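Comments concern the structure below.
Note that ligands are numbered from 1 as they come in the structure, with each ligand's atoms numbered from 1 the same way. In this text, all values refer to a predicted model and were calculated from it rather than measured experimentally.
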Amino acid sequence: MKSMTNSTDPIAPTLPLTHRPRRLRRTETLRRMVREHTLRVEDLIYPLFVMEGDNQKVEVSSMPGCYRYTLDLLLTEVRDAYTLGIGAIALFPLIADAQKDNAGTESYNPDGLIPRAVRAIKQAIPEILVITDVALDPYSSEGHDGIVEQGKILNDETVAVLAKQAIAHAIAGADFVAPSDMMDGRIGAIRQALDAVGWINVGILAYSAKYASAYYGPFRDALDSAPKFGDKKTYQMDAANAREAIKEVDLDIAEGADIIMVKPALAYLDIICQIKQHTHLPIAAYNVSGEYAMIKAAAANGWIDEKKVILETLTSMKRAGADLILTYFAKDVALILHPSKMLL
Ligand code: PBG
């Protein structure tokens, strides 16, 4: 057979190329050396659902592999995550309908589910960073992130409740509060409220560019928190907007945000990239429930290689500029990156 590399072959002459980018892709060792971005376990924040009761974990049907945990079992899950090298968790509560009202009163109950969970985690695994979500939707009889009056979401009245919620979480021991509500002025109000009671070291992870997204569907199943009427478009952002994200980021920085978040992540990589050019604050990307569900569903059908798609997807977020990634895949990633931890 004729050699394929015969440079004298008139049909396949050696091209006079100055650059051959493929030289840098020749071996895995070389590829690793010139790799520009790396996904690390240290980058991950693990979102977890907590519910009342004892010794139960209930799988979220649209999020296979994700569970709502009672507090006792949550502690085991958090300990496992920490052992795998995951440094932070984000907590979300399932609240009974009987405890929900329009003003989200339960959200600032100092003995509510989240404050109890934070105290228990901080006692059992003090090293792990605990981030709490600040928003009314899990506590709202209307399923909205704010107080509803005549079909409208009130802004300033809601912010006052969010500040109380943040204080309740801080007193319980939260390291960061993460306002996910998208009310105007809430970062400043929460910063002032925390500082006024001396919680100057509690940080704010601001959901700055949070879009009105259909990718949140499975999360709302998990918490039974879907809006009872309408949608969230009067407070969450329009998917078509990019400059507006920069405006939201500027406001949150001016008001005292410590970390900026973009949410969802995958359909908004351009937003992450633009914000990265714009600020020196750390940027978090939220690999949301719908992104998780799509990978799980395709993998369950045998249509994609789950592990490879998880790594490729999360690496794309790092490449776009995310410093941190909230992901329901956190434990899977830890095990993929460090398989020896499996022995623990
Ligand atoms: C609530 C909140 C939502 C998510 C995080 N916090 C849902 C929403 O805004 O409707 C979504 C997370 C996910 O989909 O994984 N304010």
Side-chain angles (χ1 to χ4, degrees), residues 44-50 60-68 89-95 100 104 106-107 113-114 131-148 153 155 158-159 161-162 165-166 169 174 176-183 186-187 190 204-239 248 259 261-268 284-297 310 313-314 317 322 324-330:
L44 305 178
I45 298 171
Y46 184 24
L48 284 163
F49 304 120
V50 56
V60 180
S61 54
S62 48
M63 301 175 71
C66 281
Y67 300 83
R68 308 178 188 106
I89 55 158
L91 291 176
F92 299 94
L94 174 70
I95 302 295
K100 298 184 184 184
E106 178 62 18
S107 68
L113 182 55
I114 289 293
I131 302 168
T132 57
D133 205 65
V134 171
L136 297 194
D137 51 328
Y139 310 91
S140 158
S141 48
E142 308 293 324
H144 275 284
D145 292 40
I147 300 169
V148 180
I153 314 301
N155 192 87
T158 298
V159 170
V161 179
L162 297 172
Q165 187 182 10
H169 294 175
F176 279 82
V177 292
S180 68
D181 55 285
M182 288 302 277
M183 296 300 123
R186 89 275 206 220
I187 302 299
I190 290 171
I204 300 180
L205 166 55
Y207 286 72
S208 301
K210 176 169 177 180
Y211 287 86
S213 170
Y215 282 97
Y216 307 149
F219 174 97
R220 294 176 189 170
D221 295 342
L223 298 188
D224 187 21
S225 64
K228 293 286 181 321
F229 69 89
D231 51 39
K232 299 192 174 185
K233 290 182 179 169
T234 69
Y235 43 107
Q236 298 177 350
M237 287 176 52
D238 187 327
E248 287 283 4
I259 303 176
M261 179 153 32
V262 176
K263 176 182 177 192
L266 197 51
Y268 299 85
Y286 199 142
N287 173 223
V288 298
S289 57
E291 299 169 33
Y292 176 88
M294 290 194 303
I295 290 180
K296 282 288 181 182
I310 292 171
T313 303
L314 299 186
M317 294 166 196
L324 304 169
I325 302 173
L326 284 88
T327 179
Y328 303 98
F329 289 119

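- Here's the thing with Asp145: one of its N/O atoms is less than 3.5 angstrom from an N/O atom of ligand 1.
- The contact set between ligand 1 and Tyr286, taken as ligand atoms under 4.0 Å from a residue heavy atom, comprises 12 (C), 15 (O).
- Atom 5 (C) of ligand 1 has as its closest protein heavy atom Lys263 NZ, 2.5 Å.
- Near Ser180, with a cut-off below 4.0 Å to any heavy atom, the atoms of ligand 1 are 1 (C), 2 (C), 6 (N), 16 (N).
- Ring geometry for Tyr286 versus Tyr207: interplanar angle of 30 to 60°, hence tilted.
- In this structure, the protein non-hydrogen atom closest to atom 1 (C) of ligand 1 is Asp137 OD2, 2.8 Å.
- Using a non-hydrogen distance threshold of 4.0 Å, Gln236 registers as a contact of ligand 1.
- Ranking protein heavy atoms by distance to atom 12 (C) of ligand 1, first place goes to Phe219 CD1, 3.3 Å.
- In plain terms, the two heavy atoms of Val134 and Val177 that are nearest each other are CG2-CB, 3.8 Å.
- Short contacts between ligand 1 and Ala135, defined as distances under 4.0 Å to a heavy atom of the residue, involve ligand atoms 16 (N).
- If you look at Asp181 next to ligand 1, there are no close heavy atoms at all, none under 4.0 Å.
- Contacts between Ser289 and ligand 1 below 4.0 angstrom, taking non-hydrogen atoms only, involve backbone and side chain alike.
- At distances below 3.5 Å, not a single donor-acceptor pair connects side-chain atoms of Glu106 with backbone N or O atoms of Ile95.
- Near Phe92, meaning under 4.0 Å from one of its heavy atoms, ligand 1 places the atoms 5 (C), 6 (N).
- Considering all non-hydrogen atoms of both residues, Leu326 and Met261 come closest at CD1-SD, 3.6 Å.
- Here the heavy atom of the protein found nearest to atom 15 (O) of ligand 1 is Tyr328 OH, 2.6 Å.
- Between His144 and Tyr235, the ring planes are perpendicular. Angles over 60° get that label, and only those under 30° would be called parallel.
- When side chains are defined from C-beta on, Val60 does not count as touching Pro218, because their heavy atoms never get closer than 4.5 Å.
- Remark: side-chain polar atoms of Tyr292 are paired, donor with acceptor, to backbone N or O of Pro64 under 3.5 angstrom.
- The single protein non-hydrogen atom nearest to atom 2 (C) of ligand 1 is Lys210 NZ, 3.3 Å, given as residue, atom name and distance.
- With respect to atom 8 (C) of ligand 1, the closest heavy atom belonging to the protein is Lys232 NZ, 3.3 Å.
- Contacts between Tyr292 and ligand 1, counted as non-hydrogen atom pairs separated by less than 4.0 Å, are absent for every part of the residue.
- With Ser289 contributing its side chain and Tyr215 its backbone, the two residues share a donor-acceptor pair below 3.5 Å.
- Interface of Arg220 with ligand 1, defined as ligand atoms under 4.0 Å from a residue heavy atom, comprises 8 (C), 10 (O).
- By the side chain to side chain contact (heavy atoms under 4.5 Å, CB included) test, Ala135 is found to be paired with Asp133, Asp137, Asp145, Ser180, Asp181, residues two or more places apart in sequence or in another chain being considered.
- Atoms OG and NE2, on Ser107 and His169 in that order, are 7.0 Å from each other to the nearest 0.5 Å.
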